[in-house]
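Computed from heavy atoms alone, side chains included, the values below leave out hydrogens, waters and symmetry copies.
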Amino acid sequence: MKTLMLGNEAVARGLYEAGCCFVSSYPGTPSTEITECVAKYEEVYAEWAPNEKVALEAALGASLAGKRSFCAMKHVGLNVAADPLFTISYTGVNAGLVIGVADDAGMHSSQNEQDSRYYAKASKVPMLEPSDSAEALRFAKLAYELSETFDTAVLMKMCTRVSHSQSVVEPGERVVPEQKKYEKNPAKYIMMPANAKKRHPEVEARIKALTAWAETAEINRVEAGQDSSCGIITSSTCYQYVKEAFGDTYPILKLGMIWPMPEQKIKDFAATVDKLVVVEELDGFVETHCRNLGLSVSGKDLFTNIGELSQNLVKEKLGGTVQTGACLDENIPARPPVMCAGCPHRSIFYVLKKLNLTVLGDIGCYTLGAVPPLGAIDTTICMGASVSGLHGFVKADGEANAGRTVAVIGDSTFIHSGITGLINVAYNESNSTVIILDNSITGMTGHQQNPTTGYNLKGDPCTKIDLESLCHAVGINRVRVVDPYDMETCQKVVQEELAAKEPSVIISRRPCALLKYVKHPGPICSDTEKCKGCKACMKIGCPAISMVDGKAKIDATLCVGCGVCEQLCKFDALG
């Protein structure tokens, strides 16, 4: 029976139908829902791994054991998993191994824009790229066939618009292939130089074979058009933009396998049109391939390599009629993202700002500590960079600013890649103070469990990593735990640890205010008679507080009663 599915949900369904038995991932928007959805199938073992590198290595292990496996990540997560990816290209697989990567053109929830197609080319691993949910399901199943036919991992590239949009799919039945027997094969799986040298020619031969397959593969299809003055090569969500903009006006070569790409098929298509145009996000990846084939082609001379494309942009650049639509008479005020009411991170950043500290930040909800009025964060680079960067900052500065600089990192991010940075701090003895913002969940991507929460992906109780013991174990003697709602104690502890002449860790521990099991005392009230309109309470940037007629007003529908604003009011107007 046909049904509507999100792209990510359709990938999960495809994995299920293909007989995938093992899934290991790290949550990252826009890929997260793939793993959350596949975990709902009892026949599939699914887990959150500490990071993407571990997830891919675990998936490879399951493949070697003879079961079809999968791991998912966002584009920056593929950076973390690149080390095993490039060598898995040499070893090949046993049972099928599929790697899902979701790009975030437009940076809806990412620190950079990145084109993952280059990873496919550089690692010499094939990549499929669906353009809607139906293809997402079908390509997931096809990916396993390719993986086992060509002895390779297969990358499946999603993007925000395909991952998070719905279209019609027709689910099928689950078919589980017979488990493949694992056989020792040192020449194939032990990548010491002597073996790797012999494997490289096989990788190159595989790419040639895949290129030949791409020439006749039905997922690389030509769609006829009425006007051959222009021919368009496209893929993924850009295919949808082209179809919405022009329908069947122009001939289209729609690529489902984005690497390796066909050669003769592209040449033959180019020969049927007067002008060849590539419509793609982000970089001119397909365009460059066409130029390397000796073709005259337009692409990035028309379309930007910054941000997402759109139907109207495609129309504008290719001579279509742009739809202007209706607009409001007045501009809607900007609504920047803020930390939620009652967020346990807010008071810590207030303290850090008050002390005028240099704060090296990390990836997570707490990145919003950079937003006014808090404005407490100086850097945000990548997962774990706060801790490693703090060590370098302190060492390079002759430790003159050791008492003025801290790193902040979340519990999940600390487990992901902060631990190694902290080991470096202890091992190389920098006088660094690291603040772990432990909100008992992976908050930014939608409340996923992690190794510090005591629950696994399916919500079952499991081993809980003790952060205090872990920090002590890697060589940190000074480990303090504070309640971020107690601002006076937080400030006192931060000052004490900055004054210490050795590395230290402060764990700011309170669950995310949005967790269902967290009980709140209820909203506080504002006394307009006592309020002097000093706006001290506004300095924490809580969305539940506003100024009305010069007086502080509390929105009872937002306030959870954390009491942080009460601690700032000198006139007892809040309580």
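- Taking 4.5 Å as the limit, every side-chain heavy atom of Leu6 sits out of range of all side-chain heavy atoms of Ser163.
- Screening residues 12-41 for ring-ring contact (aromatic ring centres under 6.0 Å, His included) gives Tyr16-Tyr41, Phe22-Tyr45, Tyr26-His416 as the qualifying pairs, with residues at least two apart or on separate chains.
- Between Val38 and Cys20, every side-chain heavy-atom pair lies at or beyond the 4.5 Å cut-off.
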### Task
Show your reasoning for whether salt bridge (charged side-chain N to carboxylate O under 4.0 Å, His left out) applies to Glu43 and Arg174.
CA-CA 10 Å; Glu43 300 92 332; Arg174 176 172 169 85; 5.1 Å; no
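- Only one option out of Asn439, Ile441, Thr442, Ile465 pairs with Asp411 in a side-chain contact (heavy atoms from CB on, under 4.5 Å); it is Asn439.
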### Message
Determine whether Gln448 and Thr445 satisfy the following criterion, side chain to side chain donor-acceptor pair (under 3.5 Å), listing intermediate values before the conclusion.
### Response
CA-CA 7 Å; Gln448 290 79 31; Thr445 49; 2.4 Å; yes
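- A side-chain contact (heavy atoms from CB on, under 4.5 Å) with Met156 holds for exactly one of Val11, Ile34, Ile99; it is Val11.
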### Trace of the side chain to side chain donor-acceptor pair (under 3.5 Å) decision for Asn79 with Tyr119
CA-CA 9 Å; Asn79 300 335; Tyr119 269 111; 2.6 Å; yes
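- Listed by first then second residue, pairs satisfying ring-ring contact (aromatic ring centres under 6.0 Å, His included) with a partner in residues 277-309 read Tyr118-Phe285, Trp259-Phe285, not counting sequence neighbours.
- The closest side-chain heavy-atom distance from Pro260 to Lys124 is not below 4.5 Å.
- The shortest heavy-atom contact between Ile415 and Pro50 is CG2-CB, 3.9 Å.
- Looking at every heavy atom in both residues, Asn428 comes nearest to Asn424 through ND2-OD1, 2.6 Å.
- With sequence neighbours excluded, no residue forms a ring pair (Phe, Tyr, Trp, His ring centres under 6.0 Å) with His108.
- Between the CD atom of Glu183 and the NZ atom of Lys188 there is a distance of 11.0 Å, given to the nearest 0.5 Å.
- A salt bridge between Glu287 and Arg291 is present, with a side-chain N of the basic residue lying under 4.0 Å from a carboxylate O of the acidic one.
- Residue Lys67 places its NZ atom among 12 or fewer non-hydrogen atoms of other residues, nucleotides or ligands, all under 6.0 Å distant.
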### Query
Taking it one step at a time, do Glu468 and Arg509 satisfy salt bridge (charged side-chain N to carboxylate O under 4.0 Å, His left out)?
CA-CA 11 Å; Glu468 295 96 305; Arg509 178 168 290 146; 2.9 Å; yes
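- Taking CG of Leu15 as the start and CZ of Phe70 as the end, the distance is 5.0 Å to the nearest 0.5 Å.
- Between Lys254 and Glu135, some side-chain heavy-atom pair lies under the 4.5 Å cut-off.
- Leu255 is listed as a side-chain neighbour of Ile233, based on a closest heavy-atom distance under 4.5 Å.
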### Task
Any chance you could lay out the side-chain contact (heavy atoms from CB on, under 4.5 Å) test for Val76 and Asn112, step after step, and finish with the verdict?
CA-CA 8 Å; Val76 287; Asn112 68 22; 3.4 Å; yes
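- Here the straight-line distance linking atom NZ of Lys121 with atom CD1 of Ile258 works out to 12.0 Å at 0.5 Å rounding.
- Using a 4.5 Å cut-off on side-chain heavy atoms (C-beta onward), Leu56 and Ile88 make contact.
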### Task
Verify side-chain contact (heavy atoms from CB on, under 4.5 Å) between Cys71 and Glu52, making sure each step is shown before the conclusion.
CA-CA 8 Å; Cys71 69; Glu52 296 85 357; over 6 Å; no
### Message
Please evaluate residues Glu17 and Arg13 with respect to the criterion salt bridge (charged side-chain N to carboxylate O under 4.0 Å, His left out), reporting the C-alpha separation (whole Å), side-chain torsions for both, the decisive distance (0.1 Å), and the verdict.
### Response
CA-CA 6 Å; Glu17 292 182 13; Arg13 181 68 193 187; 2.9 Å; yes
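- In this structure a side-chain-to-backbone donor-acceptor pair under 3.5 Å is present from Ser165 to Arg161.
- Dense packing is recorded around CD of Glu204, with more than 12 heavy atoms of other residues, nucleotides or ligands lying under 6.0 Å away.
- Applying the ring pair (Phe, Tyr, Trp, His ring centres under 6.0 Å) test to His345 and every residue at least two apart in sequence or in another chain returns Tyr366.
- Nearest heavy atom pair, residue Ala214 against residue Pro262, reads O-CB, 3.8 Å.
- How far OH of Tyr239 is from CD of Glu223: 3.5 Å, rounded to the nearest 0.5 Å.
- Using a 4.5 Å heavy-atom cutoff, the side chains of Leu253 and Lys265 are in contact.
- Closest heavy-atom contact between Thr91 and Arg199: O-NH2, 3.2 Å.
- Closest approach of Thr433 to Leu390, counting heavy atoms only: O-CD2, 3.3 Å.
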### Worked check of side chain to side chain donor-acceptor pair (under 3.5 Å) between His164 and Glu33
CA-CA 9 Å; His164 290 164; Glu33 298 85 0; 3.2 Å; yes
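- Between the OG atom in Ser386 and the CD1 atom in Ile409 there is a gap of 4.0 Å [rounded to 0.5 Å].
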### Message
Using the rule given for side-chain contact (heavy atoms from CB on, under 4.5 Å), can you reason through Met444 versus Ser109, listing the C-alpha separation, both sets of side-chain angles and the distance that settles it, and then say yes or no?
### Response
CA-CA 9 Å; Met444 185 179 182; Ser109 184; 4.0 Å; yes
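- Between Gly28 and Thr32 the shortest heavy-atom distance is N-OG1, 3.0 Å.
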### Query
How far apart are the C-alpha atoms of Asp104 and Ser110, what are their side-chain angles, what is the distance that settles it, and do they pass the side chain to side chain donor-acceptor pair (under 3.5 Å) test?
CA-CA 7 Å; Asp104 188 21; Ser110 304; 2.6 Å; yes
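- For the 3.5 Å distance criterion, the side chains of His391 and Ser430 qualify, holding a donor opposite an acceptor.
- Remark: Lys458 NZ is packed, more than 12 non-hydrogen atoms of other residues, nucleotides or ligands lying under 6.0 Å away.
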### Task
Verify salt bridge (charged side-chain N to carboxylate O under 4.0 Å, His left out) between Arg68 and Glu148, making sure each step is shown before the conclusion.
CA-CA 9 Å; Arg68 286 184 168 181; Glu148 293 171 355; 2.9 Å; yes
### Task
Any chance you could lay out the side-chain contact (heavy atoms from CB on, under 4.5 Å) test for Asp103 and Thr160, step after step, and finish with the verdict?
CA-CA 7 Å; Asp103 284 10; Thr160 301; over 6 Å; no
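- Identified under the ring-ring contact (aromatic ring centres under 6.0 Å, His included) test for residues 448-474, with sequence neighbours left out: none.
- When side chains are defined from C-beta on, Asn8 counts as touching Met158, because their heavy atoms get closer than 4.5 Å.
- Within the structure, the ring-ring contact (aromatic ring centres under 6.0 Å, His included) test picks out the following pairs touching residues 82-107 (sequence neighbours left out): Tyr90-His200.
- Rounded to the nearest 0.5 Å, atoms NZ (Lys464) and CG (Asn450) are 10.0 Å apart.
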